[in-house]
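Chain A is the first sequence line, chain B the second, and so forth, proteins listed ahead of strands; every chain is numbered from 1. All values reported here derive from a predicted model rather than from experimental measurement.
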Amino acid sequence: MKMVVIDNQLQVFFFALAEDRKWETKSRQLNSSSFISYELLDGLEIESSVHLQIQDSNNYQFFPESTLALPGIQQSSGSRSNSSFLSWTNENTVNYLLSLNNHQIDFLAGFTAQQFRSESIGINGSQFVDDKIQEMIAAGQFNIATNIQEWSLLSYLGRINYNYSERYLISASFRRDGSSRFGPENRWGNFVSVSGGWIVTEENFWDIDFISFLKLRGSYGTTGNFNIGNYTHHQTIAPSYYIFDNSQISGRASSNLGDRNLTWETNNEYNLGADIYFLNDRLRVTYNYYNRDTDQLLFDVDIPRASGFSNLQTNIGEVNFWGHEFDLQSTNIQTSNFSWSTNLNISFDRNKVMSLATPDARLNTGWSYYGYSTNQSRIGHPIGVFRGAIQDGVYVDEDDFNNSPKHSSSAVGTVKFRDLNGDGEITFPEDMTIIGNPWPDFTFGFTNQFYIHNFDISLNITGTYGNDLLAMYEFMLGNLDGVVNPLKDLENRWRSPSDPGNGRWGNTLAGTTFLERDRVHTGMLHDGSHINFKNFTIGYTIPSSSLFSRFRLYLSAQNLYILSRSTNGTKFPNPEVNTFDNESNNTPGVILNTYPLARTFSLGVNISF
Amino acid sequence: MKNIYKYKLLLIFSIGFIIVSCDDFLNVTPETELTKSRFFQNQLDFEQAVNAIYSPLHQWLEGGTVFQDGGEINLIGMRSDDSYFEFDPALRGVQPQEDIAMFTLEVNNPTVEGKWINNYTIISRANDVLYNIDSVDFDSAVKDNLRGQALFLRAFTYFDLVRNFGGIPLHLEPTLDYESSFKERASLVQVYDQIISDAQVASEILPSRENQQLGRATSGAAKALLGDVFITLERWSDAEEVLTDITEMGYDLLPDYLDVFKPTNKGNREIIFDIQFQEGTSQNLFSSFPYRFLPAVNSRTEITGITPDGQNGAGKMITPTPEFLNSYDDKDNDQRYENTISYFTGESMIGGIIYEDFPYVSKFLHDHGRAPETSQNWPIYRYAEVLLLLAESLNEQGNTTDALFYLNQVRNRAGLSDITNGVNQNDLRNIILNEQRIELAFENKRWHYLVRHGQLAVSVMNEFGENVVSNPQNYFYPPGNQPPSAAFNISTDDLLFPIPITEIERNPWIIQNPGY
């Protein structure tokens with residue numbers, strides 16, 4: 001590797017590294033949409049459209065020997081790959097609009113067909129003699145991989161919209177979808193939805209003046225999800241090799257335990273809501289209650305390795321999601337030179353696992369840390385709750401050590417866990433339990449927008465309350481063993497019985513420190529409630545003139561300030577990790593390699609001519 | 001104009017309808033992978049399926065299934081009084097490997113997990129073949145050969161599982177869905193009955209060594225496995241019978257001990273079954289384990305002579321102990337001594353250490369092209385072991401005369417004189433055990449031999465542990481370092497490995513072994 005002397009120290013010359021190592025991607029994409037519509041009769045329209053997307057991309061990489069850590073021992077390597085895909089959708093619909101007195105009915109029927117196909121090929125080259133030809137043809141050894149992916153979808157749909165004098169609204173629809181991702185017996189799913197609304201303020205009897213608009217609405221619907229691999233329901237066979245007669249011979253073996261019964265994940269959801277506007281629409285309140293039941297969850301579930309396989313994509317379990325959402329918008333002041341409006345939204349979301357394969361089943365998700373997963377789903381609890389041991393400080397002195405349950409590696413001054421099964425010993429997983437919940441009690445957003453003469457000012461604040469975060473990075477930054485740049489709070493570690501510290505960190509005696517960082521426990525669990533001053537923008541608009549129709553200058557700040565309940569004097573790099581996505585059941589609420597939120601200032605202009 | 005539009009519309013609509021009415025539109029099958037519905041249909045398919053049963057043996061031996069999996073080499077090779085590891089205070093990431101030698105294993109140990117995974121991969125592939133092979137017709141001799149290989153490998157891996165873990169889930173058919181992947185641990189009797197039944201059928205239908213492709217299981221291999229199993233179960237007369245059969249199958253001891261292991265001598269008459277490796281293959285089917293036995297030298301080229309090369313980070317786990325070096329009665333005449341052990345003087349990669357006449361296992365280190373890619377095979381069963389097991393089974397039945405006949409063959413090859421008649425059963429038992437230790441040194445036999453003598457493993461390893469703890473510098477700890485206090489407190493619970501915690505997390509029906 002090229003080295004350079006900086007401040008009397010020999011350092012890697014990173015600029016040369018970045019220049020000499022090649023990594024180039026090129027892609028070309030074409031999107032095209034066209035449609036034809038024809039009015040057959042009065043009110044009867046036929047439409048057909050085709051959307052096309054074609055993409056072609058190349059990737060080239062080359063790492064010359066001079067950029068590797070051990071030139072002379074490691075050799076250059078590189079790769080070249082090419083992939084292209086074609087995706088098309090054809091929609092055909094018949095639409096009929098019927099107007100009769102105050103009744104308006106809108107019928108829609110049709111079908112759509114959709115297909116995606118991609119083909120790719122890649123070459124990985126290694127054992128280059130030198131760096132003179134940086135192309136795969138000069139490789140001493142290469143591997144080739146090809147991949148073809150294809151899926152298709154066919155849907156039939158029908159919908160009726162009815163409204164009576166803009167006062168009563170009813171809508172009903174039906175869909176039948178067939179996906180290539182399921183086997184022939186489970187391919188089709190039928191989905192219905194029905195919704196209704198009543199604009200109460202249109203009624204003749206309505207005479208409450210300060211409510212200028214009141215709409216009540218409700219809906220019920222089923223939808224389907226087919227978000228799995230293209231060929232997952234197939235059991236597949238892959239090549240495998242061995243030596244016979246001193247030569248490489250190929251063989252074949254099962255590589256995927258496909259589930260023949262794989263079928264649609266279905267969501268049944270009903271919504272109830274109201275839109276209420278007060279004082280001539282100056283204050284608008286929207287409320288929505290939803291309750292969604294996800295059944296036949298499509299999940300990649302871990303199965304016992306004794307089967308010969310590690311996991312199976314299958315339909316498993318049922319989860320219930322529900323919540324209340326509020327949205328308030330108010331135009332507080334509106335004059336010619338000054339206006340101020342506010343928007344507040346707040347939602348209370350909950351979820352609960354209703355069933356899994358068996359009543360005792362545990363679905364392990366999140367990071368698998370030394371054999372134990374950080375998140376777990378159990379019946380009766382939210383998805384992906386944190387699982388770990390409970391920390392009870394450290395063994396402060398000889399007395400404390402002798403009178404408390406211990407792990408086989410414990411000593412005076414090391415981490416103390418709570419004995420949950422009462423057997424007098426600290427063992428795993430018996431002394432682990434559910435220790436936290438990554439899902440917030442509520443999340444909110446609060447925006448204020450001002451217009452003062454030609455200035456516009458807006459401030460947007462977001463936040464959550466009640467969610468826990470698992471600061472997994474503490475196992476690296478709280479490492480008491482070895483050469484590490486640790487958290488400042490390690491000043492408060494146990495040093496002796498007379499100086500036991502704040503109880504979070506044990507002592508640095510070699511060979512005793514691994515337990516407190518190799519097991520997930522409550523010491524790493526923190527309150528994720530926070531308020532983020534997410535966006536603050538000031539703009540100035542110059543009055544229009546003959547040169548331009550609009551000229552606006554603005555200064556804006558993103559993530560201006562974050563208020564959070566930091567413990568140990570540490571601020572989290574990113575308290576927003578995974579808290580807004582109810583369906584991310586991989587690592588909700590785990591901070592490990594999450595990039596810190598950046599405070600960004602930007603200056604810009606909008607000009608229109 | 002309107003008419004043109006009308007027709008275009010009708011055209012698109014009809015194309016749409018045609019697509020819709022084709023069921024095929026939604027039948028999408030993988031084009032770069034084979035689906036099981038198109039496999040297991042003819043002789044070639046089954047030949048390929050049987051080839052694939054052998055493939056996991058590479059990872060079974062050398063590891064690499066999960067992060068820090070050291071494979072069979074580390075799991076059994078590090079666990080005996082023949083070897084210990086070099087301690088590097090700066091590199092603590094290898095703690096899970098060192099736990100194996102110090103008997104401080106935790107239930108999440110990656111090497112233990114790797115053994116579980118690799119064995120069951122082989123078993124599920126064998127089950128696939130055995131389940132499907134009878135529904136297709138082809139030449140019965142070929143079919144017997146294929147079936148026999150699947151049965152041998154299944155018996156071999158179940159034997160490896162049961163003697164390392166105790167009773168384990170017994171899968172005898174391929175897993176086809178979620179429910180059937182869950183099984184409880186079977187009893188020892190059930191597992192051993194299945195192993196013996198599989199190995200016996202295999203021994204009857206497999207071809208002999210001359211009629212079988214090099215690298216595949218033979219009837220001799222199946223009988224050797226049976227012998228190993230019977231000895232472990234202390235069924236001495238059954239062992240005697242099957243091991244005696246092997247003596248009439250054309251195997252022999254080579255005059256030169258080292259010749260048995262040389263890659264230039266693959267398929268020699270002393271090897272009964274070994275794991276095949278070859279350098280220079282496009283799928284990287286070379287072996288690296290010879291480097292594991294080398295010390296943590298700063299420059300491997302000083303030992304191997306191969307450039308370019310660097311430090312031996314992979315080594316230092318299996319260093320010959322003083323106990324092992326002292327087990328040779330006659331270092332001058334026993335040709336096995338200089339062919340098994342070599343000495344190195346030079347720089348270590350461990351800070352501050354210079355080796356002076358440092359012992360290391362050199363019997364697997366032979367000429368090869370690039371570092372660390374060798375064509376070295378790993379012996380599973382060879383004729384010398386058969387002779388010693390035969391001697392043991394005869395001695396246990398009180399027949400010291402015949403036992404000596406076989407024992408002396410091995411001794412004579414090594415250059416040692418006969419043990420003459422007149423020695424009693426107990427003394428002969430210890431002589432045979434020592435001969436096994438020297439002859440099969442570092443072939444991952446010592447730990448299993450100690451364990452099947454029951455309490456002997458506990459007492460030998462505890463005594464070894466005391467020596468290590470009281471004299472750590474004699475056991476490759478740099479000055480100022482020693483094993484932790486929890487090391488070496490061995491009981492019979494330590495004779496089995498823990499069931500990997502990831503398996504228990506996935507299958508709550510599995511109960512952990514006592515002591516973990």
Side-chain angles (χ1 to χ4, degrees), chain A residues 36 38 46 48 70 72-73 90 92 111 113 141 146-148 150-152 154 178-180 187 230-231 234-238 240-254 257 259 302-309 312 314 357 360 364 370-373 408-409 429 481-482 511, chain B residues 5-6 8-9 12-13 16 19-20 25-28 30-36 39 48-49 51-52 54-55 92 107-108 116-117 120-121 123-125 128 169 171 175 177-178 181-183 213-216 266 276-278 281-283 285 308-310 484 486 501-503 505-508:
Chain A
I36 289 185
Y38 182 60
I46 306 180
S48 182
L70 300 170
I73 296 172
N90 170 230
N92 307 291
F111 69 87
Q141 179 163 312
T146 57
N147 194 3
I148 296 179
E150 185 176 323
W151 59 266
S152 55
L154 207 54
S179 163
S180 65
R187 186 159 281 168
N230 291 323
Y231 308 111
H234 290 282
Q235 295 184 286
T236 50
I237 309 270
S240 191
Y241 302 89
Y242 194 66
I243 304 284
F244 297 108
D245 260 341
N246 301 325
S247 318
Q248 175 175 298
I249 305 284
S250 71
R252 284 182 159 141
S254 284
L257 183 60
D259 184 355
D302 286 341
I303 56 174
R305 309 298 299 249
S307 64
F309 299 95
L312 175 66
T314 185
D360 300 321
N364 294 315
Y370 285 96
Y372 303 102
S373 58
S408 62
S409 72
D481 193 0
Chain B
Y5 277 133
K6 226 203 257 181
K8 280 192 187 167
L9 206 55
I12 295 179
F13 251 61
I19 291 173
V20 162
F25 181 67
L26 291 176
N27 266 335
V28 171
E31 291 172 59
T32 48
E33 287 179 297
L34 188 59
T35 52
K36 202 163 178 185
F39 196 60
Q48 293 196 303
N51 291 346
Y54 290 86
S55 310
R92 294 291 77 233
V107 297
N108 61 359
W116 181 275
I117 294 173
Y120 274 110
T121 306
I123 288 168
S124 83
R125 292 181 182 190
D128 246 343
H171 284 267
T175 302
D177 55 28
Y178 182 69
S181 66
F182 290 84
K183 273 195 169 15
Q213 192 178 30
L214 184 60
R216 296 184 190 274
K266 285 194 191 182
Q276 311 286 306
F277 292 94
Q278 190 70 29
T281 47
S282 72
Q283 294 295 324
L285 300 175
D309 204 358
I501 186 61
T502 51
E503 190 71 1
E505 292 254 291
R506 291 162 187 238
N507 184 355

For the atom pair [atom1] ([X]) and [atom2] ([Y]), what is the distance rounded to the nearest 0.5 Å?
X: S180(A); Y: N27(B); atom1: OG; atom2: CG; result: 9.0 Å
X: T281(B); Y: Q141(A); atom1: OG1; atom2: CD; result: 8.0 Å
X: F309(A); Y: S181(B); atom1: CZ; atom2: OG; result: 10.5 Å

Keeping the roles fixed (side chain from [X], backbone from [Y]), state whether a donor-acceptor pair exists under 3.5 Å.
X: N108(B); Y: Y370(A); value: yes
X: S152(A); Y: F25(B); value: yes
X: R305(A); Y: W116(B); value: no

Could you go step by step and tell me if S250(A) and Q48(B) meet the side chain to side chain contact (heavy atoms under 4.5 Å, CB included) rule?
CA-CA 7 Å; S250(A) 71; Q48(B) 293 196 303; 4.0 Å; yes
Can you tell which part of [X] gets under 4.5 Å to a heavy atom of chain B, answering side chain, backbone, both or neither?
X: A306(A); result: both
X: N364(A); result: side chain
X: S373(A); result: both
X: Y231(A); result: side chain
X: Q235(A); result: both

Quick one: of L257(A), L312(A), I249(A), who has the most non-hydrogen atom pairs under 4.5 Å with chain B?
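That would be L257(A).
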I want to check something: taking the side chain as every heavy atom from C-beta on, are E31(B) and E150(A) in contact at a cut-off of under 4.5 Å?
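They are in side-chain contact.
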Note, Y178(B) side chain near D259(A) side chain (heavy atom, < 4.5 Å):
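They are not in side-chain contact.
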Heavy-atom pair with the smallest gap, counting every atom of [X] and [Y]:
X: S240(A); Y: A52(B); answer: CB-CB, 3.9 Å
X: Y372(A); Y: V107(B); answer: OH-CG2, 3.3 Å
X: P304(A); Y: N507(B); answer: CG-CB, 3.7 Å

Show your reasoning for whether side chain to side chain contact (heavy atoms under 4.5 Å, CB included) applies to Q276(B) and F244(A).
CA-CA 7 Å; Q276(B) 311 286 306; F244(A) 297 108; 5.6 Å; no
Go through S307(A) and T175(B) one step at a time and tell me if the side-chain hydrogen bond (donor to acceptor under 3.5 Å, both in side chains) criterion holds.
CA-CA 6 Å; S307(A) 64; T175(B) 302; 4.6 Å; no
Before you tell me yes or no, could you show the steps for N230(A) and V28(B) under side chain to side chain contact (heavy atoms under 4.5 Å, CB included), namely the whole-Å CA-CA distance, both residues' side-chain angles and the distance that decides it to 0.1 Å?
CA-CA 8 Å; N230(A) 291 323; V28(B) 171; 5.9 Å; no
Which portion of E505(B) sits near chain A, non-hydrogen atoms under 4.5 angstrom:
both
